[in-house]
Number of protein chains: 4
Amino acid sequence: MNKMLGKRAVSAHQKNLRREALLTAARELFVEAGFFDVSMAMIAKRAAMAKGTVYLYYKTKEELFLELSRRDLEIWFEDLISKLQNLPENPETHAFVKAVMATLEGRQTAIRLLSLLHLVLEQNVSREEVLNFKLDLLNHSEIAGAEIERVLPFVHQGQGVEILAAIHCQIIGWGQMTDISPVVNEVLEDKRLSPLRIDFAASLQTSLLCMVEGIKKLSSP
Amino acid sequence: MNKMLGKRAVSAHQKNLRREALLTAARELFVEAGFFDVSMAMIAKRAAMAKGTVYLYYKTKEELFLELSRRDLEIWFEDLISKLQNLPENPETHAFVKAVMATLEGRQTAIRLLSLLHLVLEQNVSREEVLNFKLDLLNHSEIAGAEIERVLPFVHQGQGVEILAAIHCQIIGWGQMTDISPVVNEVLEDKRLSPLRIDFAASLQTSLLCMVEGIKKLSSP
Amino acid sequence: MNKMLGKRAVSAHQKNLRREALLTAARELFVEAGFFDVSMAMIAKRAAMAKGTVYLYYKTKEELFLELSRRDLEIWFEDLISKLQNLPENPETHAFVKAVMATLEGRQTAIRLLSLLHLVLEQNVSREEVLNFKLDLLNHSEIAGAEIERVLPFVHQGQGVEILAAIHCQIIGWGQMTDISPVVNEVLEDKRLSPLRIDFAASLQTSLLCMVEGIKKLSSP
Amino acid sequence: MNKMLGKRAVSAHQKNLRREALLTAARELFVEAGFFDVSMAMIAKRAAMAKGTVYLYYKTKEELFLELSRRDLEIWFEDLISKLQNLPENPETHAFVKAVMATLEGRQTAIRLLSLLHLVLEQNVSREEVLNFKLDLLNHSEIAGAEIERVLPFVHQGQGVEILAAIHCQIIGWGQMTDISPVVNEVLEDKRLSPLRIDFAASLQTSLLCMVEGIKKLSSP
DNA sequence: TATGAATGAGAGTTCATTCAT
DNA sequence: TATGAATGAACTCTCATTCAT
């Protein structure tokens, strides 16, 4: 038994501590080994709980990781919104992109979770959980979207959320293309393959820059 | 025994037919159930072969699907190159994007495979297989990249492959975001969530348009 | 579920019952079919457990049978030590051999396990398990060895364990030569082969007799 | 195709070459990896034949190894008979045992095969093969047995074969007890276990000595 | 005679999930 | 609420043997 958590979580507060402990354990293991190679048994052990206990808090492995994604996304959104708020109106495109890029620094885990989200996390989860997740996502998206609309004057109303989705899309895309397995890494050391070696940050920054410039151009008559 | 294939694949041609049969079976099942819910046993059964026989042709499930991806990518690249060749030099951005979009029509499977590629297919596969796959990919990328450079005069040399990667990135990104599970689909019918309902083709087309316009603008002084 | 064992083995006692049930099932099947033709699945079924449950108690098939051997050896050693203790000091060689032979009556299974021990059981088992097994074996050997030294005055100190090993050797040897397959049994009915028909007890008794007499003779000046 | 063997074995001579090649391959692999870890595919490959071809010469894996054992036993018997013939009548017990021991030098493979013989090789083999093997064995045993009777005058008629069986028994017994797996070897390095460390040659020699002395003593009134 | 593709049962093992305690 | 024993389907993969060619 985890001494820190006490014997039984009776109060809502204690239950939240348990949930938090599980998420922390899951995140650590996810970083170390990836989603597929982490088992519920490992998570339980790391969180100093019994296997069965995990299921009192999360009905499936996917639900646990979906919650983890929600937390990470929430933090990211808050960071993004805050950084956008600090931008002057109609900034250099470059400044806008830099701000977005800054929100991704040190967020490898969140980026990897984003890639898993659609492929695995939204499976084997109840309607209700998905709905809550999506409502949460929408909520944050709309706030961040509005902020984008405020900052970039050439973005018309409602387009903010779409731009957010496009950013999301590129994070997933570049994320996957650069989050490669050790074997691939080794193979890519072959000189002939140098054109296929891609840097996440550089590629994302460039493509975001193009995107924003493109939007700007297409918006003005 | 599969009557169509004969009893034994002795000639190289017959062996290729067997490989093809396995790929076809795998593709069908992949469409029906997705990568994770398809087992080698199912593929064997669908291809009317014994379980052990599959392993004579592909050492792992990942190797089989990697080959499937290679085939689909090859076809896609050929289509892309051909459609680019049919474009006049310096076409309307819209025409360029339309051409790219046209290559994706009816290619759901290829798009889904592209998403899996980095996450799972390039694991549990030998160095050699990955190397061959990558060399193949590079080869096609360079031809298509050169064609892009020819078609879009503002794209300077070597940038064609990068643009291809960016297209690739967006196909993966939008692909994942729109290739959703039945539960999610159901949830998204909720009116409140309409801003999160995304159409693959529309989103990709728009974002490609922006990207190309952005590149054009950033390239000209 | 096995009604006798209850639903869940929570206490150490209940777990031991489970282990015992598995050993019993394994022993029965071993008698019926031999080591190679017994699978973990069969053992599980016979013990009325699920396949996965077996692996909670024994990590490999070899570990299970090693434990079975340990139990059988332990019982044999206890019997041997007790029978030796009941012997007067410096008995007739014949009486000594008879005592040893008596410990083997109705111990076919133990004899067959002894033969497998070195060939297969000590493979695919962890260092630790082997070590424990060997320590156990040594422990019993030393007690029995000391008893042999007490009983046979011409046996000098430390030689008891060696004699035990020689007994062990002959049990294995005659055991293997007489534990023959049905086909061989059938073949040996051929009159010409009568010199090759060997009886375990008779052969062992004779060879032990010779051995002890030989030791006696070689020890006295 | 193995160039040395030619394309097709039509003549009896060529067929024998094939059989010999298979036995050689099997012996090499048996030394390297042991019976269980050698597959028919490996043997075929080593002998530069196709898998199916092996089955034209030996109906089962066991039959092949049984033949291998027969060859090795034959050679051993010839050596034994020859060495016994070179002994003077009524030699020192020690000289007799030395002669037997000398026949085992460099015959690890034969010794290991002997241990497998009863446990696995005589299974999954046709009646006929076993009969031939046994007749062969009997034949050699009788010659060698007669030689023993000649050499050791206290051995009465018919007892020679029995003594041979007892020698056989001890070779198997000590062979198994000393032919240990790497794990066991490692474990036996533990100082506490030193009494369990056994040397094949030393143990066998001692036990043969005792046996012969015992027989001598028990034979004389 | 020779081949090697095909078989397919079965091996050991894992693990998300359930549920008696 | 917490436990962890139990489940059992599913997994990948092996290999002696068969048999169409």
Side-chain angles (χ1 to χ4, degrees), chain A residues 1-2 5-10 14-15 18 36-45 49-62 64 124, chain B residues 1-2 5-11 14-15 18 36-37 39-42 44 49-57 59-62 124, chain C residues 1-2 5-11 14-15 18 36-37 39-42 44 49-57 59-62 124, chain D residues 1-2 5-10 14-15 18 36-45 49-62 64 124:
Chain A
M1 266 304 302
N2 191 328
L5 298 172
K7 287 244 170 197
R8 246 147 215 262
V10 180
Q14 281 171 309
K15 287 186 196 174
R18 280 270 204 285
F36 300 113
D37 290 337
V38 169
S39 70
M40 288 299 254
M42 288 163 75
I43 295 171
K45 198 176 182 184
M49 288 178 214
K51 234 188 315 180
T53 310
V54 179
Y55 286 86
L56 296 176
Y57 294 94
Y58 297 102
K59 279 192 285 292
T60 64
K61 186 183 173 188
E62 284 81 5
L64 200 167
N124 201 16
Chain B
M1 267 305 306
N2 192 327
L5 297 173
K7 294 254 171 187
R8 238 143 242 248
V10 177
S11 67
Q14 282 171 309
K15 284 186 201 172
R18 279 275 202 283
F36 301 111
D37 291 335
S39 69
M40 287 296 252
M42 287 164 76
M49 289 179 210
K51 224 187 338 175
T53 310
V54 179
Y55 286 89
L56 295 178
Y57 292 94
K59 276 190 286 295
T60 63
K61 187 183 169 187
E62 284 81 6
N124 199 18
Chain C
M1 266 305 307
N2 193 327
L5 297 172
K7 295 255 173 189
R8 236 142 244 246
V10 177
S11 67
Q14 283 171 308
K15 284 186 200 172
R18 280 275 203 282
F36 300 112
D37 290 336
S39 70
M40 288 296 252
M42 287 164 75
M49 291 179 209
K51 215 173 11 157
T53 310
V54 179
Y55 286 88
L56 294 178
Y57 292 95
K59 277 190 286 295
T60 63
K61 186 184 170 188
E62 283 82 6
N124 199 18
Chain D
M1 266 302 304
N2 191 327
L5 298 172
K7 287 246 170 197
R8 248 149 213 261
V10 180
Q14 281 171 310
K15 286 186 195 173
R18 282 269 204 283
F36 300 112
D37 291 338
V38 168
S39 70
M40 288 298 254
M42 287 163 76
I43 295 171
K45 198 175 182 185
M49 288 178 216
K51 235 188 312 181
T53 310
V54 179
Y55 286 87
L56 295 178
Y57 294 94
Y58 297 102
K59 278 191 285 294
T60 64
K61 187 184 173 186
E62 284 81 6
L64 200 168
N124 201 16

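So you know, we letter chains A, B, ... as the sequences are listed, proteins then strands, and number each from 1.
Residue-level contact check: N124(A) touches the backbone only, with heavy atoms under 4.0 Å from sugar-phosphate atoms and none from bases. At the heavy-atom level, Y57(B) lies under 4.0 Å from the strands shown only through sugar-phosphate atoms. Residue K59(C) is in sugar-phosphate contact alone, with no base atom involved, counting any heavy-atom pair closer than 4.0 Å across all strands shown. Across all strands shown, K51(C) has heavy atoms under 4.0 Å from base atoms, whether or not it also approaches the sugar-phosphate.
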Can you check side chain to side chain contact (heavy atoms under 4.5 Å, CB included) on R18(C) and M49(C), steps first, answer last? CA-CA 9 Å; R18(C) 280 275 203 282; M49(C) 291 179 209; 3.2 Å; yes

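Checking dG12(E), dT18(E), dT1(F) against the side-chain heavy atoms of Y55(A) singles out dT18(E) as nearest. Taking every side-chain heavy atom of L56(B) into account, dA6(E) is the closest of dT3(F), dA6(E), dT17(F). Listed nucleotides dA2(E), dT7(F), dG12(E) differ in distance to R18(D); the shortest reach to its side chain belongs to dA2(E). Candidate nucleotides dT17(F), dC13(F), dG4(E) were compared by shortest atom distance to the side chain of A50(D), and dG4(E) ranks first.
When the C1' atom of dT18(F) is taken as reference, atom CE of M40(D) falls 12 Å away, rounded to whole Å.
With the nearest nucleotide of DNA chain E identified for both V54(D) and S39(C), V54(D) has the one nearer the 5' end.
Within 3.5 Å, no donor on the side chain of K15(C) pairs with an acceptor on the base of dG4(F), nor the reverse.
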